[in-house]
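These notes concern the structure reproduced below.
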4 protein chains.
Amino acid sequence: MTSSSPDDVPATAARRRTKAPQTRAVALMDAAEQLFIAKGIPATSIDDIAAGAQVAKGTFYLYFPSKEALLGALQQRFVDTFCARLQEAMDRHAPGKYRARLKAWVEAGLETYLDNVALHDVVFHEYRPEDRRMRNDNVVITQLVTLLKQGDAAGVWEVEDATLTAVILFNALHGVADDAVAMGPHANPVADRRRRARALARFFEQALRPDDSDDA
Amino acid sequence: MTSSSPDDVPATAARRRTKAPQTRAVALMDAAEQLFIAKGIPATSIDDIAAGAQVAKGTFYLYFPSKEALLGALQQRFVDTFCARLQEAMDRHAPGKYRARLKAWVEAGLETYLDNVALHDVVFHEYRPEDRRMRNDNVVITQLVTLLKQGDAAGVWEVEDATLTAVILFNALHGVADDAVAMGPHANPVADRRRRARALARFFEQALRPDDSDDA
Amino acid sequence: MTSSSPDDVPATAARRRTKAPQTRAVALMDAAEQLFIAKGIPATSIDDIAAGAQVAKGTFYLYFPSKEALLGALQQRFVDTFCARLQEAMDRHAPGKYRARLKAWVEAGLETYLDNVALHDVVFHEYRPEDRRMRNDNVVITQLVTLLKQGDAAGVWEVEDATLTAVILFNALHGVADDAVAMGPHANPVADRRRRARALARFFEQALRPDDSDDA
Amino acid sequence: MTSSSPDDVPATAARRRTKAPQTRAVALMDAAEQLFIAKGIPATSIDDIAAGAQVAKGTFYLYFPSKEALLGALQQRFVDTFCARLQEAMDRHAPGKYRARLKAWVEAGLETYLDNVALHDVVFHEYRPEDRRMRNDNVVITQLVTLLKQGDAAGVWEVEDATLTAVILFNALHGVADDAVAMGPHANPVADRRRRARALARFFEQALRPDDSDDA
DNA sequence: AATGAATGAGGATTCATTCAT
DNA sequence: CATGAATGAATCCTCATTCAT
């Protein structure tokens, strides 16, 4: 500990061949992601991925036991990144500002999703994943559930079934984003995104508004 | 003449030989559907499908030019069937009863979707579809848009952007159903479905309720 | 006789289905020839041939036991036609005019060959025929052998080994024609053909000229 | 070191594993050649070839992108070998000895061709080659053209159109050889070959002899 | 750790041929 | 005679994975 070896960082990074294993894994994942998006998963061979990562084919298997495992890692990474960005967006608002946090969540969600649809689709919709797609029971939902419950506890809104509500809201978001993509490259993407964000936000509000019946 | 053998017709139609082409195509599609659900598309070979349809491998290509074409046919069939069932459900209510029709739509949608998730998923989420998934711009959405607009015109509810609303509602439905599936086989599926149907219906109502803001 | 039915000839040729079997066979051969030239033998399916002859696939097998048999028939027809044309050309000269007849043979040979190389090649060079190519022992050679022997007997020229000489001459012709084809579509095909014909004729003459050695 | 076991190298090269790539390619080509001759190209599967070369099927594609590419390589190899042998034969005579060189060319040509007809035929006459057969414009012709021109320049003979003459001579050779093959296994192949060689040589001389007309 | 040659199961597709109608 | 639906053997080629170096 006291005496850091002379080849401190470089030594770790590499002499010639051997690189930080993490680096290699990341390179592999990056290459795969890119290729999967470009050509689809079945059309992308391990060869391609290895080549893309500037690595020999055999090396691939040093870091991932199979193609499927790589896909799993990619899915994990996608979800993690996604969540992190939403969390960040929310955290730009004070903990108690539930409405603001929810709005931030929606907007960041739409934004992030739209920025990564291609990847999302390829990673979650192809290739018979054990657990299909970025599931409703995933971390993003959990995140939202938490927020909904907090708001409910604070009396900002009333949510009967937080999970189901989160599912609904999340899928509404998902769908609006998909629809944007389906429209193809839009003339005014910025305006379009804003329009969608607004519709969603309004929608969320509606959904969380207490029943008329109760009040009336 | 006196004793026509019991296998009279079979004898004519014959052990193995020409059948109504439609029959064959349907048999192929049915077999494919079943296998796709069971093993996934990539894992299902044409051989399997042909065998499942009790047909020689080459016969497959008499009815479908490729595996992909078959998938297309399956998608088409899925959407058509889905729509038909929703329409039917709606039509059980008088044309002017918009709320009732919407509720019927929701319930039938959830029901039908849940009855066919496996198929839906396999048919729409695998295999690099040109147009990914049962799109938001599909016939189901169109159906809903129509209903929303009619109700709006009749003053039953107010919808600003019918399409976007339809997208949101449809995806909410989609998501709630997916979530049900993700939960796995439930102890009391009937009750669970009812619960979800109720949540969705309530949600739809909320969403279509006029803004508070307007009143305020 | 008095009242020739309106479908006089047609009646004979066919009522609806059944046609003179020879007609059918010829149609099949014609279609095959065309397709073989255009796409090659392996790339031409029986289906294609049948379609080309406006006949059902099964009908093909009514006239030819196999694809290979058809090829044989095509080869036969090619040789026959070829020979007939050469004979015709020779017969335009009096029986005793051996030099003239030989010249006619050469010219007609070049001409005819060039007009049919594509067919020749496809029919004789593809598909592992039992007896490969328009053989040296074929009728054309025989024809030439006869002529050479007659001329020899008449003292017009001296030929030691008529067959070998015929083989040589025939192949010279073959080669010159092939070379013309290999050159691709020529600027002035007529002039080119003439040039080749002349070279060949001169060559034939040389070859049949008595040895110097004999004179010396 | 003193006593290197006899299987020294094999031990290193190993039971079955990486070999000199050239070795593999050659083994594949050899196997293919043999099989093509024996069964014809279409009837020879990649499987067969791989098996013949003691290699796994997939390995084939490591060395040749397709069956067709392999055929190309085989053609190349044939021509190269052929030419080399003719060149060798010619070079056994002094550069200035044109007649001797020509005679050597003819004899070696016949000899070599006869030793390889089967291969020649299979490699050049089957399978819709882009450029059909061992063409007249190939290297062998070029070789002959060169010789003819040199002799012409040296006044040994007179050749008007060297290329056309070469084509004729080459094809004469070709034909005589083919004829020999067509005759089937001969009783006295040696004598027969000699006879043919003589006929060809005499023929070549005739062809290159100056015109009588000039003298007369 | 890294390499990349070798493997061989597996898949989609074609097509000559048969035969019930 | 004619038809064309049905057959299924056969082929080329891909690619995930292994393993000797």
Side-chain angles (χ1 to χ4, degrees), chain A residues 14-21 24 42-51 55-68 70, chain B residues 11-21 24 42-51 55-68, chain C residues 14-21 24 42-51 55-68 70, chain D residues 12-21 24 42-51 54-68:
Chain A
R15 186 71 45 131
R16 235 244 222 83
R17 290 285 217 36
T18 312
K19 279 219 178 109
R24 283 264 196 263
T44 300
S45 69
I46 301 291
D47 252 310
D48 293 335
I49 297 171
V55 168
K57 195 184 340 188
T59 304
F60 175 91
Y61 289 91
L62 251 31
Y63 294 94
F64 298 96
S66 72
K67 200 184 189 182
E68 196 126 22
L70 167 68
Chain B
T12 303
R15 222 138 295 255
R16 36 102 143 96
R17 203 90 237 137
T18 310
K19 277 213 181 117
R24 283 266 195 263
T44 300
S45 70
I46 300 292
D47 257 308
D48 294 337
I49 297 171
V55 171
K57 198 185 331 188
T59 302
F60 175 90
Y61 289 93
L62 246 35
Y63 295 94
F64 300 94
S66 72
K67 201 183 187 182
E68 197 127 22
Chain C
R15 190 70 47 130
R16 232 237 224 87
R17 290 285 216 34
T18 313
K19 277 215 181 117
R24 282 264 198 264
T44 300
S45 69
I46 300 291
D47 252 311
D48 293 335
I49 298 172
V55 168
K57 197 188 332 191
T59 304
F60 175 90
Y61 288 92
L62 252 30
Y63 294 95
F64 299 95
S66 73
K67 201 186 189 181
E68 195 127 23
L70 168 67
Chain D
T12 303
R15 220 140 295 255
R16 35 107 143 98
R17 204 86 236 141
T18 310
K19 277 217 179 111
R24 283 266 195 261
T44 300
S45 71
I46 301 290
D47 258 307
D48 293 337
I49 297 172
Q54 314 249 46
V55 170
K57 197 183 336 189
T59 303
F60 174 90
Y61 290 93
L62 247 33
Y63 294 94
F64 300 95
S66 71
K67 201 183 187 179
E68 196 127 21

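Just so we're clear, the structure is a prediction, and the values are computed from it rather than from any experiment. Lettering follows sequence order; numbering is per chain, from 1.
- D/Leu62 has its CG atom 10 Å from the C1' atom of E/dT7, to the nearest Å.
- Residue A/Thr59 is classed as a base contact, given a heavy-atom separation below 4.0 Å to a base.
- Here the nucleotide nearest the side chain of B/Val55, chosen from E/dT13, E/dG8, F/dT7, is F/dT7.
- The separation between A/Ile49 atom CD1 and E/dG4 atom P is 17 Å, rounded to whole Å.
- One distance of note links CD1 of C/Ile46 with NZ of C/Lys57; it measures 9.5 Å at 0.5 Å rounding.
- For B/Lys57 against E/dG11, no side-chain N or O and base N or O form a donor-acceptor pair under 3.5 Å.
- If you measure from atom NZ of D/Lys67 to atom P of F/dA10, you get 14 Å, rounded to the nearest angstrom.
- Within 4.0 Å of D/Ile46, counting heavy atoms only, lie sugar-phosphate atoms of the nucleic acid but no base atom.
- One interatomic measurement links the two molecules: CG of C/Asp48 to C1' of F/dG4, which rounds to 15 Å at whole-angstrom precision.
- With a 4.5 Å cut-off on side-chain heavy atoms, A/Leu70 and A/Phe60 count as touching.
- Two residues, B/Gly58 and C/Phe60, neighbour DNA chain E, and the one matched to the more 5' nucleotide by heavy-atom proximity is B/Gly58.
- The side chain of A/Tyr63 contributes an N or O atom lying less than 4.0 Å from OP1 or OP2 of E/dA2.
- Comparing D/Gln54 and B/Thr44 against DNA chain E, the residue whose closest nucleotide sits nearer the 5' end is D/Gln54.
- Regarding C/Asp47, its CG atom lies at a distance of 9 Å from the C1' atom of F/dG4, rounded to whole Å.
- Taking atom OH on B/Tyr61 and atom P on E/dA16, their separation rounds to 17 Å, with Å as the unit.
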Reading DNA chain E 5' to 3', what string of ( ), [ ], | and . shows its pairs, if Watson-Crick and G-U wobble pairs count only when both distances fall under 3.5 Å? .||||||||||||||||||||
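- Positionally, the nearest nucleotide of DNA chain F for C/Ala56 lies more toward the 5' end than for the other of C/Ala56 and D/Ala43.
- When rounded to the nearest whole Å, the span between CD of B/Glu68 and C1' of E/dG11 equals 15 Å.
- In this structure, A/Lys67 and A/Thr44 approach most closely via the heavy-atom pair NZ-O, 2.8 Å.
- Checking the phosphate oxygens (OP1, OP2) of E/dA6, a side-chain nitrogen or oxygen of D/Arg24 falls inside 4.0 Å.
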